[in-house]
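See below for the structure under consideration.
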Amino acid sequence: MIVDLEPVTRDNWRAVAALTVHAGQRDFVADVEHYLCMCAYGELWHALAVTLEGQVVGFCMWAVDDDRSRWIGGVVVDAARQRQGIGRALIKALRDKLAAEPGTPNVALSYQPSNTAARALYLSLGFVETGEEDDGEVVARWTPTVPVVPTR
Ligand SMILES: CC(C)(COP(=O)(O)OP(=O)(O)OC[C@H]1O[C@@H](n2cnc3c(N)ncnc32)[C@H](O)[C@@H]1OP(=O)(O)O)[C@@H](O)C(=O)NCCC(=O)NCCS
């Protein structure tokens with residue numbers, strides 16, 4: 001599966017803001033509207049719409065840390081589109097895109113210890129738990145062993 005990571009624009013922001021997760025997942029992430037505000041006003045995070053065949057199916061955002069590691073955050077696949085391989089495709093695409101930026105030591109993300117679905121996804125893509133903790137969340141990092149060429 002190939003997903004596209006696109007800017008959030010005047011044309012797609014409504015579809016992005018309308019993304020929802022299942023009731024049991026609401027504690028794992030903030031509302032996408034909140035993430036959009038963080039990206040618009042917080043001067044750290046950058047928003048991306050995840051599209052499949054032109055339709056918005058998810059959201060994610062990225063940031064650069066002081067040590068130049070890149071962070072992935074706010075990962076949401078719309079409840080109606082989960083378990084179809086979109087999460088795997090989007091993490092892989094964003095991971096490779098960020099890792100390919102010159103001077104990037106690793107790509108980091110974090111998740112709540114109880115978020116077993118996210119944990120399984122990230123570990124299966126080679127992210128390694130480092131023992132760090134960020135705001136009560138487990139930190140995992142992916143370090144490229146060879147130069148990365150982004151797939152998308
Ligand atoms: C986590 C999330 C992004 C995964 O997206 P997705 O499109 O459903 O994931 P995929 O279909 O690509 O599945 C990838 C892997 O994730 C894991 N996974 C996804 N959903 C799962 C579930 N409900 N239960 C257990 N494992 C699950 C599996 O390891 C799966 O691999 P497999 O299909 O080979 O078993 C999605 O469930 C989501 O948006 N959750 C709510 C928000 C959230 O928790 N975001 C992450 C914050 S750190």
Side-chain angles (χ1 to χ4, degrees), residues 1-8 12-42 44-65 67 69-101 104-144 148 150-152:
M1 162 169 319
I2 295 181
V3 295
D4 289 302
L5 305 177
E6 299 181 7
V8 178
N12 67 15
W13 72 264
R14 288 174 183 79
V16 174
L19 293 166
T20 55
V21 297
H22 293 294
Q25 301 172 327
R26 283 196 197 120
D27 287 345
F28 297 145
V29 281
D31 291 339
V32 176
E33 292 100 321
H34 180 87
Y35 290 136
L36 287 174
C37 289
M38 277 175 69
C39 295
Y41 304 113
L44 177 62
W45 290 95
H46 305 269
L48 289 170
V50 181
T51 65
L52 179 66
E53 292 162 4
Q55 282 209 319
V56 174
V57 293
F59 174 83
C60 56
M61 56 190 193
W62 62 274
V64 182
D65 206 345
D67 67 356
S69 59
R70 267 56 173 176
W71 280 77
I72 294 174
V75 174
V76 166
V77 172
D78 192 54
R81 307 300 295 261
Q82 292 182 14
R83 301 253 48 182
Q84 298 170 15
I86 294 168
R88 185 178 299 283
L90 94 82
I91 295 296
K92 193 169 182 313
L94 183 54
R95 180 198 73 186
D96 290 353
K97 177 179 151 73
L98 295 174
E101 292 173 3
T104 302
N106 59 68
V107 180
L109 43 73
S110 70
Y111 42 91
Q112 293 186 19
S114 56
N115 195 349
T116 51
R119 180 174 189 269
L121 167 61
Y122 302 144
L123 297 192
S124 76
L125 285 174
F127 284 82
V128 175
E129 294 179 350
T130 60
E132 299 163 277
E133 195 189 288
D134 185 48
D135 209 10
E137 295 200 336
V138 177
V139 174
R141 294 179 186 265
W142 184 81
T143 305
V148 177
T151 47
R152 198 74 176 167

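Both ligands and their constituent atoms are indexed starting at 1 by order of listing.
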For ligand 1, note which part of [X] has a heavy atom under 4.0 Å away: side chain, backbone, both or neither.
X      : result
Ser124 : neither
Phe59  : neither
Val21  : side chain
Val75  : both
Asn115 : side chain

Are any of the N or O atoms of [X] closer than 3.5 Å to those of ligand 1?
X     : answer
Gln84 : yes
Arg88 : yes
Val77 : yes
Gln82 : yes
Gly87 : yes

Nearest protein heavy atom under 4.0 Å from atom 2 (C) of ligand 1, yes or no = no
Does atom 13 (O) of ligand 1 have a protein heavy-atom neighbour under 4.0 Å away?
-> no
Under a heavy-atom criterion of less than 4.0 Å, does Gly74 contact ligand 1?
->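 No heavy atom of Gly74 comes that close to ligand 1.
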So is Gly85 close enough to ligand 1, meaning a heavy atom under 4.0 angstrom away?
->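 Yes, Gly85 has a heavy atom closer than 4.0 Å to ligand 1.
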Option of least heavy-atom distance to [atom] (set: [options]):
atom                    : options               : answer
atom 41 (C) of ligand 1 : Gln25, Arg26, Met1    : Gln25
atom 16 (O) of ligand 1 : Leu123, Val32, Leu121 : Leu121
atom 33 (O) of ligand 1 : Arg119, Gln112, Arg83 : Arg83

Locate the shortest heavy-atom distance separating [X] from [Y]; write the atom from each residue and the value.
X      : Y      : value
Gln84  : Met1   : O-CE, 2.9 Å
Cys60  : Leu94  : SG-CD2, 3.7 Å
Pro105 : Pro144 : O-CD, 3.9 Å
Gly126 : Trp142 : O-CD1, 3.3 Å

Ligand 1 atoms in contact with [X] (distance to a heavy atom under 4.0 Å):
X      : result
Phe28  : 44 (O)
Val29  : 42 (C), 43 (C), 45 (N), 47 (C)
Ser110 : 48 (S)
Val76  : 39 (O)

Passes side-chain contact (heavy atoms from CB on, under 4.5 Å), Thr20 versus Asp78? Steps please.
-> CA-CA 5 Å; Thr20 55; Asp78 192 54; 3.6 Å; yes
Report the relative orientation of the aromatic rings in Phe59 and Tyr35; use parallel for angles under 30°, tilted for 30 to 60°, perpendicular for over 60°.
-> parallel
Working for side-chain contact (heavy atoms from CB on, under 4.5 Å), residues Val107 and Phe127 = CA-CA 8 Å; Val107 180; Phe127 284 82; 4.3 Å; yes
Considering residues, nucleotides and ligands other than Asp67, do more than 12 of their heavy atoms fall under 6.0 Å from its CG?
->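 Enclosed.
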Is the number of heavy atoms from other residues, nucleotides or ligands within 6.0 Å of CD (Glu132) greater than 12?
->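 More than 12 within 6.0 Å, yes.
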Please state which protein non-hydrogen atom is closest to atom 29 (O) of ligand 1 and give its distance, to 0.1 Å?
->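 Scanning the protein heavy atoms, the shortest distance from atom 29 (O) of ligand 1 goes to Ala120 CB, 3.5 Å.
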for atom 21 (C) of ligand 1, nearest protein heavy atom and its distance come out as Ala117 CB, 3.4 Å
Step-by-step side-chain contact (heavy atoms from CB on, under 4.5 Å) determination, Val56 to Glu6 | CA-CA 9 Å; Val56 174; Glu6 299 181 7; over 6 Å; no
Spacing of Glu137 atom CD and Ser114 atom OG [to the nearest 0.5 Å] = 9.0 Å
Sole candidate of Ile72, Val75, Asn115 that passes side-chain contact (heavy atoms from CB on, under 4.5 Å) when paired with Tyr122 =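 Going through Ile72, Val75, Asn115 one by one, the side-chain contact (heavy atoms from CB on, under 4.5 Å) with Tyr122 is satisfied by Val75 alone.
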Return yes if some donor-acceptor pair links the side-chain N/O of Arg81 with the main-chain N/O of Leu52 below 3.5 Å, else return no.
-> no
Please assess Arg119 against Val138 for the test side-chain contact (heavy atoms from CB on, under 4.5 Å), listing each intermediate value before the final yes or no.
-> CA-CA 9 Å; Arg119 180 174 189 269; Val138 177; 5.9 Å; no
